[in-house]
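Written out below as structure tokens is the structure these notes cover.
Nothing fancy with the numbering, it's 1 onward along the sequence.
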Amino acid sequence: MTEPTTNTSSDASAPAPAAAAPAAGGGARQHQGQRKQERREPRAERPAGAKPLLNSAMADALRAATKGHALEVPEAPAAAEAAESAERPARAERAERPAGDRPARNNNNGPRRSNKPGNGARREGGQGPRGPRREAAPAAPKAPPRPRHPVVEKLAGMYPALFGDQPLPLKRGIFQDLMAAHPEAFEKNELKVALGLHTRSTRYLNAVAMGEPRHDLQGNVVEAMAPEHVFHALVEAFRRRKPREGEDLQVKLRRRMGMAYIASNLTRDAFLERVQVKDEATQALLAAAMQEVAEFDAKAEALATAHAASGKSVAEFAEMYGMHPAAAERHLQRAAQLKAIAAAPAAAAPAPAPAAEADAADDSAAPAAE
């Protein structure tokens with residue numbers, strides 16, 4: 001009796017696992033495809049007119065490199081591919097077009113218009129979205145000049161060179177000359193007041209501070225201005241000045257003091273004796289000015305000695321010492337001035353002004369010294 005074989009059942013059941021394996025593998029691929037489809041779906045929902053993140057060439061290369069990978073790049077939307085395909089022939093046609101066939105750019109052939117809204121309206125009508133254009137503010141009118149005394153105005157009409165806008169220093173005793181020349185034109189007391197105001201005005205003080213000589217009624221020079229009158233007029237004129245922005249009036253006043261001392265042709269002691277400064281601030285400025293002049297004088301005398309020994313011209317001497325010829329000339333002139341001052345006899349003290357001039361208030365020394 002033969003035994004029944006069991007290979008039939010086993011053979012029949014054997015293919016089942018083999019068939020199940022492909023089924024399982026197919027399910028995994030199907031699941032992976034579903035995940036890919038899920039990743040594609042949000043991108044497929046992008047609007048047709050939206051710009052793709054990658055251009056066509058870059059997307060093709062990236063898809064080829066990631067094919068079969070979880071990070072496989074999806075195909076570009078159909079609308080974007082269609083637009084890209086339509087644009088390629090146009091770009092190729094523009095690249096192949098000759099340079100002469102290309103349309104020329106507008107090189108200022110017509111009026112330029114700004115892209116800002118409202119500019120055209122402002123050009124044509126003067127108004128725009130921001131309202132009417134603001135005009136420049138008119139300059140502030142200058143303050144009218146201060147009225148002068150009627151007698152001074154009368155004197156300016158009679159002697160414009162002496163009493164005009166740029167007056168000249170007056171000779172001592174001008175009051176008596178005016179009364180003698182015009183006995184009926186002026187009242188004595190009014191003329192005294194007018195001359196006092198005139199000689200105390202800033203314009204007159206500036207003329208005295210410049211060292212202008214004194215003049216008579218005919219405009220002739222009669223005498224030089226006294227050094228003390230120049231100095232006090234200079235101090236008073238600077239006291240009235242208002243400094244501009246960044247201007248140091250103290251430095252300018254100190255330099256002008258030194259120039260006044262040099263122009264006086266006096267020694268240091270003689271100048272200080274005649275000036276008679278009492279204000280402490282003015283004394284400090286004068287001391288600084290005299291120190292600067294002393295340093296200049298020492299250099300001038302040394303250069304004069306070297307120039308005399310060199311036997312060269314001023315230009316050659318200046319070039320040898322690296323100086324400007326004009327600066328070398330000033331030093332040499334100052335050295336010659338110092339030599340002449342030392343050789344001259346001591347200057348006599350100034351004579352006091354006559355009582356009549358003090359009463360008339362026509363001497364510039366009194367207003368300048370105040």
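By the 6.0 Å contact criterion, CD on Gln276 is enclosed, its count of non-hydrogen atoms from other residues, nucleotides or ligands being greater than 12. In Asp165, the CG atom is not crowded: 12 or fewer heavy atoms of neighbouring residues, nucleotides or ligands sit closer than 6.0 Å. The environment of CE in Met290 is crowded: more than 12 heavy-atom neighbours from other residues, nucleotides or ligands sit within 6.0 Å. Heavy atoms from other residues, nucleotides or ligands lying under 6.0 Å from CD of Glu187 number more than 12. In the displayed structure, Met179 atom CE is contacted under 6.0 Å by more than 12 heavy atoms of other residues, nucleotides or ligands.
Residues Asn206 and Ala237 share a closest heavy-atom pair of OD1-CB, 3.4 Å. Between Asp216 and Leu162, the shortest heavy-atom distance links the atoms O-CD1, 3.3 Å. Between Leu217 and Ala181 the shortest heavy-atom distance is CD1-CB, 4.4 Å. The two residues Ser264 and Phe271 have their closest heavy-atom pair at OG-CD1, 3.5 Å. When all heavy atoms of Met225 and Val230 are compared, the pair lying nearest together is CG-CG2, 3.4 Å.
Under the 3.5 Å distance criterion, the side-chain polar atoms of Thr282 are left unmatched by any main-chain donor or acceptor of Lys278. Under the 3.5 Å distance criterion, the side-chain polar atoms of Glu190 are left unmatched by any main-chain donor or acceptor of Pro150. A distance-only check finds no donor-acceptor pair linking the side chain of Arg334 to the backbone of Asp297 [under 3.5 Å]. Listed for the His232 side chain is a donor-acceptor partner under 3.5 Å among the backbone atoms of Val275.
Note that CG of Asn265 is 5.0 Å distant from CD1 of Ile341, once rounded to the nearest 0.5 Å. Met257 contributes atom CE, which lies 9.0 Å from atom CZ of Phe238 (distance to the nearest 0.5 angstrom). Rounded to the nearest 0.5 Å, atoms NZ (Lys171) and CD (Gln176) are 8.5 Å apart.
Grouped with Phe317 in one hydrophobic cluster are Leu303, Met320, Tyr321, Met323, the linkage being side-chain heavy-atom contacts under 4.5 Å among Ile, Leu, Val, Met, Phe, Trp and Tyr residues.
There is a path of hydrophobic side-chain contacts, each under 4.5 Å, that joins Leu234 to Leu272. Criterion: ILVMFWY side-chain heavy atoms under 4.5 Å apart, direct or through other members. Under it, Leu168 and Leu178 are part of a common hydrophobic cluster.
Qualifying salt bridge (Lys or Arg N to Asp or Glu O under 4.0 Å) partners for Lys252, counting only residues two or more places apart in sequence or in other chains: Glu247.
Note on ring orientation: taking the six-membered ring where Trp is involved, the planes of His182 and Phe186 are perpendicular (angle over 60°, cut-offs 30° and 60°).
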Q | Test log, rule side-chain hydrogen bond (donor to acceptor under 3.5 Å, both in side chains), inputs Arg274 and His229 | A | CA-CA 10 Å; Arg274 297 184 66 165; His229 297 169; over 6 Å; no
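In this model, no donor atom of one side chain and acceptor atom of the other lie less than 3.5 Å apart for Gln333 and Arg330.
A salt bridge is absent between Lys312 and Glu319: the closest approach of a Lys/Arg side-chain nitrogen to an acidic carboxylate oxygen does not fall below 4.0 angstrom. Under the 4.0 Å criterion applied to side-chain N and carboxylate O atoms, Arg254 and Glu292 are assigned as salt-bridge partners. The residues Lys299 and Glu295 are annotated as not salt-bridged, no charged nitrogen and carboxylate oxygen being separated by less than 4.0 angstrom.
Cation-pi contact between Arg255 and Tyr261: absent, since separation from the ring centre below 6.0 Å together with deviation from the ring axis within 45° is not met.
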